[in-house]
Asks: 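Take this structure first; my questions come after.
The analysis underlying the following values was restricted to heavy atoms, covering all of them including side chains, and did not include hydrogens, waters or symmetry mates. Atoms within each ligand, like the ligands themselves, are counted from 1 in listed order. We're numbering straight along the sequence, starting at 1.
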Amino acid sequence: MNFELNETQKLVRDTARRFATTELRPHAAERDRSEAFPGEALKKMAELGLMGVNISGDYGGSEAGTVAYSLAITEIARADAAVGVTMAVTNMVGEVIEMFGTPAQKEAFIPKLTCGESKAGAFCLSEAGAGSDPAGMRTRATKVDSGWVLNGSKAWITSGEFAGAYIVWARTEMPEGGEKLSAFLIDPAAHEGISCGKPEDKMGQRGSNTVSLTFDEVQIPEDALLGKLGDGFKIAMVALDGGRIGVGSLALGLGTEALSLAIDYAKEREQFGQPIAQFQGIQFKLADMATELDAARLLCLRAAWMKNQAAQKGGRFTREASMAKLFSSEAAWRACDEAIQIFGGYGYTKEYAVERLLRDVRVTRIYEGTNEIQRVVIARDLSRNGL
Ligand SMILES: Cc1cc2nc3c(=O)[nH]c(=O)nc-3n(C[C@H](O)[C@H](O)[C@H](O)COP(=O)(O)OP(=O)(O)OC[C@H]3O[C@@H](n4cnc5c(N)ncnc54)[C@H](O)[C@@H]3O)c2cc1C
C-alpha cells in the first residue's frame, strides 16, 4: 500500500488549486448571487486540462487518471462548487463517450469538450417522474428510416442550457419485442425541437445551470445511438459509478473549505478573554471534522484508484464509489454545519463563506443518486458479493 501521490497527480492537484485560489474563490460569492454561468472560467480550465482529466491524450485529455481527477475536483469545489459540478458532469460525459462511443463519435465530440470549444457536457437521464428510478422514464426514441425521433422531457439537467454535447436516455423498442433504455449522443445546436425551461431557482450551487429540457419530434441520425441498442441502463450505471467518485470528491472540497475557515476563525475570535480555539468544546468539533473528512478523502481516493485499476485490468468499484459518495457527502454536510456553529451568528450571514458552503453541500446528498439509493446499491452489492 502506498499513500504517496505520483508526480502527475501532484501536478494536476496543484494546477487545480492554483486556478481555484486565484480565479475562482474571489468570484464565488458573486457567482452565487448573480447565478452567472462560469463560461470563461470553464474555458480556462479546459486550457489547463481540467475538462478531460481522465481522458486519453488522443482526444485532448490529460490522461492523468481518476485519482488525479478526484484531487482536481476537490480543489475546484473548495473554491466554488458550482464550477466543480459543471466540471464533474463535463468530465463524466467525455469519459462515457470515450468508453462507449464509436471512433466517429469520439472524434466529433470529445476534443470539443476537452479544449473548451463546447462549454460543457450534459447528462440527460432524470425526468420529473423518474429520478431514483430511471427505468420509469417516459422519453422515447422512435426508429424511422432516417434515424430516430426523440420525444419527451428531462429534468434537473446540469448545464442543459449551455452544453455542446448531450447524452440523452430514452425508451426504445427492441427487435425481439419489449422496450429497453438506449443512450443517444447529440449536439443540441444541430437539431430542431429542443427547448430549455427556465433555470431552477436552487438553494445552492447557484452558479451552475440546472434546467428542464423538452424534446419535441427531434430528428436525430441513425449514428446518434451511443453504445448498443438497449444498453442504456448499463451505460447509465457505469457512468454513475464514476460520477459518484466525482460527487464524493466535490463534497470533500466543500467540507475541507469549511474546516479550514473554521480553524482560522476559531483562532481569531475571542470570547471570555481568549480565542475560542482554546475551548475544548471547539477543539473537539474541529478534531471530529478533520477526522471524518480524512476518512472521506481515503474513501474517495480508494474508489478512484479502483476505477483506474478497473480500466486496466477489469473489475468493479460500484460499492466503493457509492460508499465514497455516501460518506463524503454526509461528512461534508456535518463539517459545513459545524463550521457555521463555530462562526456563531456571523456564520449565519452571507458575509462569511460558510453560509454558502452549507447551501452548496446540501445537494451532494441528493444528486448522482440520493444517499438512500447509495445505501440500496451498497446493500445489494453486499448481498450479491458478500463482504
Ligand atoms: C442541482 C441538481 C442537479 C442535477 N443534475 C442532474 C443531471 O445533470 N442529470 C440528471 O440526469 N439528473 C440530475 N439531477 C437529478 C438527480 O439525480 C435526482 O434529483 C436524484 O436522482 C433524485 O431523484 P428525485 O429528485 O426525483 O427524487 P425521488 O426519486 O423522487 O426521491 C424522493 C425521496 O425518496 C427516496 N427514495 C426513492 N427511492 C427509494 C428507495 N428505493 N429506497 C429508499 N428511499 C428511496 C429518495 O432517496 C428521496 O429521499 C440533479 C438534481 C439536482 C437537485
Asks: What does the N/O contact table under 3.5 Å look like for ligand 1?
Replies:
residue  : atom   : partner : partner atom : Å
ligand 1 : 5 (N)  : W156    : O            : 2.8
ligand 1 : 5 (N)  : T158    : OG1          : 2.8
ligand 1 : 8 (O)  : T158    : N            : 3.0
ligand 1 : 8 (O)  : T158    : OG1          : 3.2
ligand 1 : 9 (N)  : F123    : O            : 2.7
ligand 1 : 11 (O) : F123    : O            : 3.3
ligand 1 : 11 (O) : L125    : N            : 3.1
ligand 1 : 11 (O) : S126    : N            : 2.8
ligand 1 : 11 (O) : S126    : OG           : 3.1
ligand 1 : 12 (N) : S126    : OG           : 2.7
ligand 1 : 29 (O) : S132    : N            : 2.9
ligand 1 : 29 (O) : S132    : OG           : 2.6
ligand 1 : 47 (O) : T370    : OG1          : 2.6
ligand 1 : 47 (O) : E372    : OE1          : 2.7

Asks: Taking transitive links into account, so neighbours of neighbours count too, which hydrophobic residues share a cluster with M1 at under 4.5 Å side-chain distance?
Replies: F3, L298
Asks: When you compare the side chains of T102 and D223, does any donor N or O come within less than 3.5 Å of an acceptor on the partner?
Replies: no
Asks: Do any N or O atoms from the side chain of Y166 and from the backbone of G160 form a donor-acceptor pair under 3.5 angstrom?
Replies: yes
Asks: Say whether S249 and S70, considering side chains only, have a donor N or O and an acceptor N or O under 3.5 Å apart.
Replies: yes
Asks: Do the side chain of K154 and the main chain of L125 share a donor and acceptor less than 3.5 angstrom apart?
Replies: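 At least one qualifying donor-acceptor pair exists.
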Asks: Quick one: are R78 and R25 in side-chain contact, heavy atoms under 4.5 Å?
Replies: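 They are in side-chain contact.
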